[in-house]
Number of protein chains: 4
Amino acid sequence: MGKKKGPKYNQIIEAAVRVIAKHGYHQAQVSKIAKEAGVADGTIYLYFENKEDILISLFEEKMGSFVETIRERIASEKSAAEKLLIAVKMHFEQLQADQNLAIVTQLELRQSNTELRLKINSIFKNYLILLDELLTEGKEAGQFLSDLDNRLARQMVFGTLDEVVTNWVMKECKYDLVASADPVHRLLLRAFRA
Amino acid sequence: MGKKKGPKYNQIIEAAVRVIAKHGYHQAQVSKIAKEAGVADGTIYLYFENKEDILISLFEEKMGSFVETIRERIASEKSAAEKLLIAVKMHFEQLQADQNLAIVTQLELRQSNTELRLKINSIFKNYLILLDELLTEGKEAGQFLSDLDNRLARQMVFGTLDEVVTNWVMKECKYDLVASADPVHRLLLRAFRA
Amino acid sequence: MGKKKGPKYNQIIEAAVRVIAKHGYHQAQVSKIAKEAGVADGTIYLYFENKEDILISLFEEKMGSFVETIRERIASEKSAAEKLLIAVKMHFEQLQADQNLAIVTQLELRQSNTELRLKINSIFKNYLILLDELLTEGKEAGQFLSDLDNRLARQMVFGTLDEVVTNWVMKECKYDLVASADPVHRLLLRAFRA
Amino acid sequence: MGKKKGPKYNQIIEAAVRVIAKHGYHQAQVSKIAKEAGVADGTIYLYFENKEDILISLFEEKMGSFVETIRERIASEKSAAEKLLIAVKMHFEQLQADQNLAIVTQLELRQSNTELRLKINSIFKNYLILLDELLTEGKEAGQFLSDLDNRLARQMVFGTLDEVVTNWVMKECKYDLVASADPVHRLLLRAFRA
DNA sequence: GATGAATGAGCTTTCATTCAT
DNA sequence: GATGAATGAAAGCTCATTCAT
């Protein structure tokens, strides 16, 4: 069970994103996802352990690379300030690129509990580590305040970005999210700069 | 229906906070809340329209005064910067003072359906207005950057405070939250200061 | 939960006997039992933990007194042989008196597994104890063979009675079961008699 | 369909016995039997009509010869009493020789639905005929009571043997079942003897 | 003949809400 | 006003069976 291959696996995950984005987390029944995916209810269980496994897999597949993509992309940047800019930009870009996914991850999936929330947190943990490294690098380079509290700074970055994105989603993704990257980056930088 | 009076109204809300904090949002059945409140299941419906109304009312009662208290207290402060400090401090103080409530508002109620969360957000609208006024005042006084984007700044303040509090709750309220007020305020101020 | 009182409790058990006797164990859905009992599906769960609890309770209520009734009735008999006659007769009488129940206990309930079968066995254990005492008494009184193996004799009595009843049920209770008590008793007595 | 040939037919039946003995009737899914037999799920249906047909065939194959073996072996015995002894002994021997099969026929298959159990009973009909003949022969030879009721005597023999074997299986086949043949035979003979 | 991926009907249990007392 | 017994809709998951390859 749970053999993660074949086109059906992806079909089902894509269907889940669409159904959750359209009908909401609590109205995303297995049968609705199956119908949207064009498979029988039982087929779901050939590819996923249970309903929660669909959601966890969705998150892993869709967000698993989220942080890694940012990490790889900022590696070539020279200063912590420039890395932060790229990170903010990519954060917004990735979510703006798939608005259904943004709805699902910013609003709907947060209604889940148990294992899924843990999974979400564990993926975000990598994000926090990345931010930590970035902040430390900035401090060591004398770019950022030497007495900056990493934990608070991290919470400021993540809290700000999350809040900006969530507001954008709640405003039905009507405006350009990426356009906020620069001003947000400027604000954060002013806060951190030595 | 929905007659908001009598001691039972408050009994039920207090019971709901305790039950949700203890058992979690998804295990907070109406019957459990009724039992904790010492009333019959049916009595709940003499004071509330339905289960969602309990949660909305809980939020209104508990957080409604939250913003007002802050507003009144900062009225006497002279500068926007000082007002911001007080706001941050009071935000943390009020949540640290009632940790059950903090668990409920920061973690549990966010598992509720999207509709409820929209109503929760509308309650926070007053908070956003307060922050708006504060930011504008700072800009007019030349204390804050004149080209500060109020929306982004607001999201930075709210996002940061929310993230700081949520992390504190997830760490089981083990450390002193109010102690973070000063450093958080310093960070925010650096970002906004002209 | 599982408050065993009120007329509904018995209504549901009686309905379960009728439904199982008529439709068989595997076609006795909770909803069918509820309908037959004239209550809503959910009402079942005010009186019983779960479906299995209905069946266990059915067995306890209906068969719990089975052995005790026999024990009380044979207490006044003088010889082991007479006690055996009464036991056989009452065994048959009690099952003939409620033919639906006989169908349920002889055929349908044996299709169950897990806890219910353990319960059935534990109730039968009392029967085995009663037979043991009866056999020992007969041996001590010199009426039964002194070298009679209690275990085998017990298995002969129980196996014979059970087989006779099961055959009667499978023949749709068409003939008089109690009429077999005397000849069965005579056969058993010949086997045991000193 | 249901072409009963090829080595796979037997493979599947043997697999079914092992799976049912190990996992129990309710955990013996077709896919589990197929896996144990080393064939694909679909292959099962080239050899059997449906799942019930596997179980009936299992019973026919395994128990069909059961009675014939006894019949052939007792043909050479002279008296009904001696024939009965041999029958009892062989009944026990055959089941003790294949304990998995004993578990399946004495315990697990009895959890099957009533319909399957009726078919199982029809397979035992030959056994009943054999016992009938044996009893009649004993009566005609003046060895058994002339007024012995064949039906009851048959039920006593079958019920006793079945109960003895079932108890042995439930005690996990720990003791020597065949050792009970003699004392059981002695008991039965005393009951029937003229 | 053999495969095994796909099917989809079917059922127990929970819990917000009602309403007769 | 207060009660709490009764309601009944709703949904995740299993598994015997099929059929295209």
Side-chain angles (χ1 to χ4, degrees), chain A residues 1 3 5-9 12 26-35 37-54, chain B residues 1 3 5-8 26-35 37-54, chain C residues 1 3 5-9 12 26-35 37-54, chain D residues 1 3 5-8 26-35 37-54:
Chain A
M1 40 176 123
K3 315 151 202 158
K5 12 178 177 178
K8 298 251 162 88
Y9 176 79
I12 292 164
H26 289 288
Q27 279 305 305
Q29 297 89 344
V30 170
S31 61
K32 207 177 271 177
I33 295 171
K35 195 172 185 181
V39 301
D41 292 16
T43 303
I44 299 269
Y45 293 88
L46 295 176
Y47 295 91
F48 301 91
E49 302 263 353
N50 47 41
K51 185 179 179 180
E52 192 169 52
D53 188 33
I54 306 176
Chain B
M1 42 179 119
K3 308 154 200 157
K5 19 181 174 176
K8 299 228 168 128
H26 290 288
Q27 280 304 305
Q29 295 89 346
V30 171
S31 62
K32 206 178 270 176
I33 295 171
K35 194 173 185 182
V39 301
D41 293 14
T43 303
I44 297 269
Y45 292 87
L46 296 174
Y47 294 91
F48 301 91
E49 304 258 355
N50 48 38
K51 185 179 180 180
E52 192 170 57
D53 188 32
I54 305 175
Chain C
M1 42 177 117
K3 315 149 200 158
K5 15 180 177 174
K8 297 251 163 85
Y9 176 78
I12 293 165
H26 290 288
Q27 279 303 307
Q29 296 90 344
V30 170
S31 61
K32 207 177 273 176
I33 294 171
K35 195 172 188 184
V39 301
D41 292 15
T43 304
I44 299 270
Y45 293 87
L46 296 176
Y47 294 91
F48 301 91
E49 302 264 351
N50 49 39
K51 185 180 179 180
E52 192 170 52
D53 187 33
I54 306 175
Chain D
M1 45 177 116
K3 307 153 202 160
K5 15 180 177 176
K8 301 227 167 129
H26 290 288
Q27 279 305 306
Q29 295 90 346
V30 170
S31 62
K32 206 178 270 175
I33 294 171
K35 193 172 187 183
V39 300
D41 293 16
T43 304
I44 298 270
Y45 292 86
L46 298 174
Y47 294 92
F48 299 91
E49 303 257 354
N50 48 39
K51 184 179 182 181
E52 193 172 55
D53 188 31
I54 307 175

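Order of the sequence lines fixes the chain letters, A, B, ..., with proteins taken first and strands second; residue numbering starts at 1 for each chain. These numbers come from the heavy atoms of this one structure, side chains and all, not from hydrogens, waters or symmetry mates.
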Query - Heavy-atom closest contact (B/V30 atom, B/Y45 atom, distance) - result: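 Shortest heavy-atom contact: CG2-OH, 3.9 Å.
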Query - Closest non-hydrogen atom pair, B/K32 against B/Q27 - result: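 Distance-wise, the nearest heavy atoms are NZ-O, 2.9 Å.
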Nearest-Å distance for atom pair [atom1]/[atom2], residues [X] and [N]:
X: A/F48; N: E/dA6; atom1: CZ; atom2: P; value: 12 Å
X: D/D41; N: F/dT14; atom1: CG; atom2: C1'; value: 14 Å
X: C/Q27; N: E/dG10; atom1: CD; atom2: C1'; value: 10 Å
X: B/I54; N: E/dA16; atom1: CD1; atom2: C1'; value: 10 Å
X: D/K32; N: E/dG4; atom1: NZ; atom2: P; value: 19 Å
X: C/D53; N: E/dT12; atom1: CG; atom2: C1'; value: 14 Å
X: C/E52; N: E/dT13; atom1: CD; atom2: P; value: 9 Å
X: D/L46; N: F/dC19; atom1: CG; atom2: P; value: 13 Å

Do the side-chain N or O atoms of [X] get closer than 4.0 angstrom to the phosphate oxygens (OP1, OP2) of [N]?
X: A/Y47; N: E/dA5; answer: no
X: C/K8; N: F/dA6; answer: yes
X: B/Y45; N: F/dA2; answer: no
X: B/T43; N: F/dT3; answer: yes

Side chain of [X], heavy atoms from C-beta onward: which of [options] has the nearest atom to it?
X: A/Q29; options: F/dG12, F/dA2, E/dT3; value: F/dG12
X: D/K51; options: F/dT17, E/dC15, F/dT7; value: F/dT17
X: B/V39; options: F/dT3, E/dG1, F/dC13; value: F/dT3

Requested in this report: Measure the CG-NZ distance between D/D53 and D/K51 for me, rounded to the nearest 0.5 Å.
Outcome: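 Between atom CG of D/D53 and atom NZ of D/K51 there are 13.0 Å.
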Query raised in the report: Say you draw a straight line from CD1 of C/I44 to CD1 of C/I33; how long is it, rounded to the nearest 0.5 Å?
Result: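 The CD1 atom of C/I33 is 6.0 Å from CD1 of C/I44, to the nearest 0.5 Å.
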Query raised in the report: For DNA chain F, whose closest nucleotide is more 5', that of C/A40 or that of D/G42?
Result: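 The residue whose closest nucleotide sits nearer the 5' end is C/A40.
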Query raised in the report: DNA chain F: D/A28 or A/S31, which has the more 5' nearest nucleotide?
Result: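 So the residue in question is A/S31.
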Checking base pairs now: Watson-Crick or wobble, both atom distances under 3.5 Å. What partners [N]?
N: E/dT21; answer: F/dA2
N: E/dG8; answer: F/dC15
N: F/dA10; answer: E/dT13

Query raised in the report: Does B/H26 or A/G38 map to a spot on DNA chain E nearer the 5' end, using the closest nucleotide for each?
Result: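 By nearest-heavy-atom nucleotide position, the 5'-most residue is A/G38.
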Report task. Using the closest heavy atom to pick a nucleotide of DNA chain E for each, name whichever of B/N50 or C/N50 lands nearer the 5' end. Result ->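 Looking at the nearest nucleotide for each, C/N50 comes out on the 5' side.
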Requested in this report: Could you label the plane-to-plane angle of the B/H26 and A/H26 rings as parallel, tilted or perpendicular, counting under 30° as parallel and over 60° as perpendicular?
Outcome: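 Rings of B/H26 and A/H26: tilted, 30 to 60°.
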Report task. Mind checking C/V30 for me? I need base, sugar-phosphate or nothing, with any heavy atom below 4.0 Å counting as a touch. Result ->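 Base: the residue C/V30, judged by heavy atoms under 4.0 Å, touches a nucleobase.
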